[in-house]
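Order of the sequence lines sets the chain letters (A, B, ...), proteins ahead of strands, with each chain counted from 1.
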Amino acid sequence: MKVAHVVVDVPAMQTDKPFDYRIPEKWEEVIVPGIRVIVPFGPRKVQGFVTGIAEASDHGKLKTISELFDLTPALTDELLKLGQWLTEKTLCFQISAFQAMLPAAMKAKYEKKIVLTGNAEELPFDLAVLFSNTDSLSWDEAQAHDLFSSLQKQMKKGTLEVVYQVKQKGKQKKVRSIEVNGTAEAIETAAREMPPQASRQKAVLDFFIHNGLSPMSAADLKELAGASDASIKSLVQKGLLTEKWVEVYRDPFGHRTFKPTKSMPLTREQESAIAPILSCIEEKRHEVFLMYGVTGSGKTEVYLQAIDRVIREGKEAIVLVPEIALTPQMVDRFKGRFGSMVAVLHSGLSTGEKYDEWRKIQRGEVKLAVGARSAIFAPFQNLGIIVIDEEHESSYKQEENPRYHARDVAIRRAESHSCPVVLGSATPALESFARAGKGVYKLLPLAKRVNERPLPEVSVVDMREELREGNRSMFSRALFEHLQARLERNEQSVLFLNRRGFSSFVMCRDCGFVIQCPNCDISMTYHRQGQKMKCHYCAHEAPMPSSCPECTSEHIRFFGTGTQKVEEELARVLPEARVIRMDVDTTSRKGAHERLLSQFGEGKADILLGTQMIAKGLDFPKVTLVGVLAADTMLHLPDFRSSEKTFQLLTQVSGRAGRHDLSGEVIIQSYSPEHYSIQLAKEHHYDGFFEREMSERKLGSYPPYYFLAVVNVSHPDLLKASGVMENIAQYLKQNTDPYTKILGPVASPIPRIKNRYRYQCMIKYKKDDKLIPVLKKVMDRYQQETAREDLGISIDLNPSSLM
DNA sequence: AGCACGCCGACT
DNA sequence: GTCGGCGTGCTC
């Protein structure tokens with residue numbers, strides 16, 4: 001007897017282990033690790049992943065696998081092991097790890113149904129109606145009709161039964177393909193002998209004769225040959241044609257053509273950066289490279305040529321790009337060089353499209369996957385290189401379970417494939433640069449820009465000074481003059497502001513009341529469109545009040561500036577400027593992102609105004625001015641990475657200016673211009689920033705000097721949340737290494753979100769073998785309460801942000 | 001997660 | 001005496 005170890009799709013602590021099932025003899029050959037199956041679990045059926053095969057089980061009575069869900073493993077052996085590793089590194093359930101590695105379309109969907117098993121005539125009248133022309137009824141429908149008491153009687157009698165159906169969310173897209181039966185002559189004869197009234201059928205046959213006998217989709221046949229469903233059907237009945245359903249891929253780039261590009265000659269610097277990567281590929285050796293190069297130093301060309309080598313050796317490659325940088329411009333570069341060998345995976349695609357791209361990888365039809373974070377799980381079997389562009393980006397860390405960092409996964413996968421990882425950035429994460437300094441990663445510096453253009457001139461404007469001199473506008477005099485100058489010279493500008501909406505908060509001038517979200521401890525943002533107040537955390541909306549809800553004063557005013565307000569102000573002070581605004585609110589519709597960018601690229605606007613999303617990857621030759629309206633917005637957030645993020649963002653944004661023939665200028669407006677993040681970004685001085693920030697981290701015992709873990713507790717009741725957190729903190733203090741620092745508990749920086757109070761506790765440690773098991777115990781201890789009392793506990797090992 | 005089992009209060 | 005509340009524990 002063969003036994004399968006199955007991890008079932010029930011995300012809970014007690015079910016987080018393999019269960020043994022008997023493999024039916026007929027499937028002994030088919031069922032291998034990585035295949036998904038449907039198994040009886042308690043009273044119902046669930047999906048599960050086969051993680052191993054054995055000859056016997058320790059367990060007494062075994063149930064049998066009910067159904068196969070895959071014919072080829074959904075997860076390779078390597079990915080199964082990786083799942084195990086993820087479970088340990090992120091403290092998540094095995095099933096969550098497995099599901100995270102697959103496209104969302106492959107997640108199981110459960111349908112509860114009542115099916116007719118006995119004779120329909122035995123049913124009472126009220127039920128007989130519902131089962132008159134079907135033998136199944138959905139659970140929801142039964143609920144809606146309030147039929148449970150009579151249903152229950154029938155179930156006891158055995159006329160009806162409850163079944164669970166396990167389905168896949170996404171489907172393969174299939175089209176009807178029409179094939180010709182028989183030789184060309186046979187068809188010709190048939191066409192000749194067609195009765196005169198069957199003109200459509202004759203036309204279809206003639207079409208096949210003139211265009212070869214290759215199969216064709218029914219839709220095309222209708223369009224090109226004037227076929228109709230009726231004519232096709234009769235031809236099929238006559239045995240001249242056959243219908244088949246074949247899988248087709250949804251093609252998200254179907255309507256785009258890509259200009260093929262060739263390798264460019266490398267500069268001497270690029271040569272010396274690529275050489276160690278290539279020898280690593282040749283020697284089939286694992287190594288992590290940190291390619292540290294300023295914007296415009298040609299990192300992408302190095303990636304492309306290294307990948308080219310990998311593909312020529314018959315191996316595959318993964319390229320990770322931050323979600324917001326996964327722009328058409330970026331995709332073009334890879335599609336242009338590698339054409340149809342590329343699969344693209346990003347959030348802009350529909351679930352179905354993502355699934356199709358994934359299938360291409362699984363079937364070995366492509367050699368390269370370009371995508372955001374989750375593309376790191378691309379099911380390649382023979383990886384030759386993994387590239388992570390802009391490796392410092394926080395979007396590589398998943399903020400839900402499993403809370404993995406794509407960089408760690410990449411290194412893990414590259415180890416098992418004995419291949420290099422290339423991390424690229426102009427502003428590496430402090431951890432990465434520190435590791436390069438210690439020789440754990442190999443540093444590949446690219447100091448010069450390919451076109452030898454100097455980095456743009458950056459000036460910092462002290463907005464306090466502006467205010468003192470009577471300028472209350474959001475534009476400093478310098479920025480305004482420069483904007484005007486670009487308009488006159490017909491050059492383009494990019495304005496960056498890290499806040500969407502109209503104003504950041506609304507306050508009463510008489511009593512100081514600030515309008516807050518009723519569900520979260522955060523002020524609401526006014527949105528001009530629809531005159532609404534919105535909460536950016538829970539999406540709560542409320543009308544804008546005309547008077548203060550507290551003191552009924554009418555002096556309520558907007559404070560702080562969002563992109564909408566800047567747009568309005570621009571229209572007032574520079575009426576002739578054409579402005580494109582890009583933020584979550586203007587790009588939520590599919591394709592909007594791409595459309596706005598191409599409009600700007602075609603010169604249909606003078607100013608591109610936007611949030612985060614315009615900071616990366618954009619490369620427009622006519623942009624000669626970049627303005628950062630408020631550089632301090634994230635500088636003072638209670639997060640140990642806020643200086644690093646500010647420096648990275650400013651450097652990143654500055655890189656948008658003067659990338660081509662025209663030289664660029666950057667103006668940074670700030671209320672704390674003396675801060676080292678801003679000063680060193682102005683000088684383009686990463687090394688200086690690194691030194692300075694490292695000493696800050698050392699003082700605060702933060703990474704990379706210490707490892708960090710954060711435990712978060714949330715509950716609708718404040719006392720419950722703080723009480724549980726207090727207990728956990730006590731327990732941690734008693735059971736971890738004496739050198740481990742347990743800080744807190746404290747209320748989270750945003751103490752309440754979606755009506756849940758949040759408390760947290762921070763753990764700083766250098767080496768603590770007890771910590772992980774202790775944290776696991778904590779999860780175990782509160783397991784029931786998380787399920788029953790709406791208690792939320794999350795543990796983040798190596799958090800990217802403390803918010 | 002679901003679901004059954006089981007032990008205490010208000011009813012035919 | 002029973003029906004039904006939801007606390008506890010199990011699912012190969």
Nearest-Å distance, [atom1] ([X]) to [atom2] ([N])?
X        : N      : atom1 : atom2 : value
A/Lys112 : B/dA1  : NZ    : P     : 15 Å
A/Met13  : C/dT8  : CE    : P     : 18 Å
A/Tyr110 : B/dG2  : OH    : P     : 9 Å
A/Gln14  : B/dG2  : CD    : P     : 14 Å
A/Asp16  : B/dA1  : CG    : C1'   : 14 Å
A/His5   : C/dT11 : NE2   : P     : 17 Å
A/Phe49  : C/dC12 : CZ    : P     : 19 Å
A/Gln47  : C/dC12 : CD    : P     : 17 Å

Side chains of A/Asp768 and A/Thr736: donor-acceptor distance under 3.5 Å anywhere? no
State whether A/Lys63 places a side-chain N or O below 4.0 Å from either non-bridging phosphate oxygen (OP1 or OP2) of C/dC12. yes
Parallel, tilted or perpendicular for A/Phe49 and A/Phe98, by the 30°/60° rule? tilted
Classify the angle between the aromatic ring planes of A/Tyr404 and A/Phe377 as parallel (below 30°), tilted (30 to 60°) or perpendicular (above 60°). perpendicular
Pick base, sugar-phosphate or nothing for [X], based on heavy-atom distances below 4.0 Å to the nucleic acid.
X       : answer
A/Lys17 : base
A/Phe41 : base
A/Pro40 : sugar-phosphate

Is the aromatic ring centre of A/Phe19 closer than 5.5 Å to the centre of the six-membered base ring of C/dC12, with the two planes inclined by less than 30°? no
Is A/Glu357 salt-bridged to A/Lys360, cutoff N-O under 4.0 Å? yes
